[in-house]
Amino acid sequence: MEDTFPDLGSLSDEELKGLIDNLMQEENEISYKRRVLHGKIDILRAELVNRLRKKHEGGEEVISGADVQRLTDILAGRASGDGGEL
């Protein structure tokens with residue numbers, strides 16, 4: 001599919017139907033990929049929660065003072081945007 005939208009008036013009915021079919025197929029592929037990515041994110045988050053739970057149960061500190069400060073900065077709009085983790 002081109003980046004520019006075609007002149008719809010110049011398309012025949014068959015070309016218009018073909019374009020619709022192509023876009024619907026592309027949408028289905030993107031939707032599938034999005035669902036797969038969301039599934040992977042859910043699995044990764046569940047693993048992280050499990051690890052944090054184990055640390056907490058083992059008496060380890062799960063959230064540090066630096067984490068709290070970073071969150072405070074984010075909420076106050078002072079985040080540096082360095083992509084640091086909590």
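We count residues from 1, following the sequence as given.
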Atom pair CG (Leu11) and CD1 (Ile20), whose distance is rounded to the nearest 0.5 Å: 10.0 Å

Ile63 side, atom CD1; Arg70 side, atom CZ - distance, nearest 0.5 Å: 14.5 Å

From Tyr32 atom OH to Leu37 atom CG, the distance as rounded to the nearest 0.5 Å: 10.5 Å

Thr72 and Arg78, any side-chain heavy atoms less than 4.5 Å apart: yes

Separation between CD1 of Ile41 and CZ of Arg34, rounded to the nearest 0.5 Å: 10.5 Å

Minimal non-hydrogen separation, Asp67 against Val62, with atom names: OD2-O, 4.1 Å

Asp73 and Gln69 side chains, donor-acceptor separation under 3.5 Å: yes

Heavy-atom neighbours of Asp13 CG exceed 12 at 6.0 Å: no

Spacing of NZ belonging to Lys55 relative to CD belonging to Glu61, to within rounding of 0.5 Å: 10.5 Å

OG-NZ distance between Ser12 and Lys17, expressed to the nearest 0.5 angstrom: 9.5 Å

Arg51 bridged to Glu47 by N-O distance under 4.0 Å: yes

CA sep, side-chain torsions, deciding dist, call: Leu23, Glu27, side chain to side chain contact (heavy atoms under 4.5 Å, CB included): CA-CA 6 Å; Leu23 290 175; Glu27 179 190 22; over 6 Å; no

Ser31 versus Asn28, side-chain donor and acceptor atoms under 3.5 Å: no

